[in-house]
Protein chains: 2
Amino acid sequence: MTKSVAVAEAPEARPYHHGDLRRALILAAERVLEREGPQALSLRAVAREAGVSPAAPYHHFKDKSDLLTAIAEAGFDALGDTIKAAVAVDSEAKMSTMGVAYVRFARDNPALYRVMYDVSRNADGMPDKTHDGEGGGFRMVEQAMIRAGVDPGDDLNLKLWCISAWCSAHGIAEMVGFAQFQPMIEELGGEDRFVEELLGRICHAPSMDTH
Amino acid sequence: MTKSVAVAEAPEARPYHHGDLRRALILAAERVLEREGPQALSLRAVAREAGVSPAAPYHHFKDKSDLLTAIAEAGFDALGDTIKAAVAVDSEAKMSTMGVAYVRFARDNPALYRVMYDVSRNADGMPDKTHDGEGGGFRMVEQAMIRAGVDPGDDLNLKLWCISAWCSAHGIAEMVGFAQFQPMIEELGGEDRFVEELLGRICHAPSMDTH
DNA sequence: ATGCTATCTGAACACCGTTCGGATCGAACT
DNA sequence: AGTTCGATCCGAACGGTGTTCAGATAGCAT
């Protein structure tokens, strides 16, 4: 039954086969995640949000967990970009600058951050590009560590400092919202100050090259 | 259809009303958790494991999340006991002693640890008794911190050190299993050594009283 | 014995992840 | 051009899930 008024063509350009689902599904998933939290992130809800049937995603992702992996990967990319941006504005970027940016990302995208590390724990690790290569996260941390006074010659020591900082940032990101810390956060005048104080106790130059 | 051989009475004493479900459900849940992982921890599976109908738990827990909360609470109790035991054998207990015990608990009970912090993040905090009071976790950390050289007079500073250490331990616990760290763990000769190295970079006396 | 209340069951509802057969369409070949 | 082919999508279905509810059961006080 074709429209009698010919092809007014509805505003929603609803393609026959949709062009490029997959990206659309990932974006839909991020929308659902922001709007309704991680509990509501069902495959069916994502398909609904993207306007396709519940079976459609299976042509682009093996599993639900495969979709989650793609979402997590996109999340780590965004996290990397955020930190890169924070470092860009402060070329002397201290550890705490990066750490605060890290935690802030996690706090601004709590549902996404949760998916990122749920996936990582299931996969026994983060996506490789997160830490590998020239633009990888570890390189950024390494450079900040060297600026902070770690001996760049001692490779094992340097790596351990990086991992230590990364783990701490993750722990802080997951716990900073806990209610029992709220009074202290107020006392310090804001979450960022609180995070700086915590990170400052982990990354402080004086003894960084010892051991 | 009663057994023809009269009442041999099966070994399983299956009570009429069951006496004390709730505890039985929590124990059943921990069993399911160990055996099949966190993904398999459904209310129905727990009820099945306890030998009751899927609706029975609702007389003892408001929700599934209410059950999970109880499980998490039991988990935090067990974690506290584990750390207390570690401190007991080494009365000079350093921070790293406690930290290693903490991480080891998380690694020995991965599914339980995951439930513990999933619940905590949903509730915006850990159970109160985890950190409050004389036997609470924070008191233990405080004492170790004081032994490590933090000025016990500066209350804010002391608390920040405790939180910093706790966050780091949590971050390490969640990330130490990541595949990308495995080579380094081997190089260092075991996970405990690796954890000690990381914790050592966080809790080291020289600059602890500086602010 | 009688009722009261807490406990437990069984069936039902909506939702979930996943699979499968069949409809739809773009593109590639003749 | 017409036809075939393969990727994409839909609708319906399966078993499993959380949750609710009417009714059966059993311990406890009167």
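Not measured: the values here are computed from a predicted model.
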For [X] and [N], give me the distance from atom [atom1] to atom [atom2], rounded to whole Å.
| X | N | atom1 | atom2 | result |
| --- | --- | --- | --- | --- |
| A:Arg44 | D:dA12 | CZ | C1' | 10 Å |
| B:Leu43 | D:dT20 | CG | P | 11 Å |
| A:Glu49 | C:dC15 | CD | P | 17 Å |
| B:Gln39 | D:dT17 | CD | P | 13 Å |
| A:Leu68 | C:dC16 | CG | P | 14 Å |
| A:Leu21 | D:dA7 | CG | P | 16 Å |

Selection: residues 26-35 of chain A, any non-hydrogen atom under 4.0 Å of DNA chain D: none
A:Glu187: partners by side chain to side chain contact (heavy atoms under 4.5 Å, CB included), with sequence neighbours left out: B:Leu156
Would you mind writing out the side-chain donor-acceptor pairs for residues 79-87 of chain B within the sub-3.5 Å range, not counting sequence neighbours?
unit_1: B:Thr82; atom_1: OG1; unit_2: B:Ala78; atom_2: O; d: 2.9

Contact list for DNA chain C against residues 55-65 of chain B - heavy-atom distance below 4.0 Å: B:Ala55, B:Ala56, B:His59, B:His60
Residue pairs, two or more places apart or on separate chains, that pass side-chain hydrogen bond (donor to acceptor under 3.5 Å, both in side chains) and touch residues 41-56 of chain B: B:Arg31-B:Glu49, B:Arg35-B:Glu49
Parallel, tilted or perpendicular, judged at 30° and 60°: which one describes the rings of [X] and [Y]?
| X | Y | answer |
| --- | --- | --- |
| A:His170 | A:Tyr113 | tilted |
| A:Phe194 | A:Phe181 | tilted |
| A:Tyr117 | B:Phe178 | parallel |

Side-chain N or O of B:Ser42 closer than 4.0 Å to phosphate OP1/OP2 of D:dT17: yes
Phosphate-side-chain proximity, A:Arg48 and C:dC16, N/O vs OP1/OP2 below 4.0 Å: yes
Within residues 44-70 of chain A or reaching into it, pairs that qualify as ring-ring contact (aromatic ring centres under 6.0 Å, His included) - sequence neighbours excluded: none
Test item: A:Leu67 and A:Leu43 side chains (from C-beta on) under 4.5 Å apart, heavy atoms: yes
Whether A:Ser164 side chain and A:Leu160 backbone form a donor-acceptor pair below 3.5 Å: no
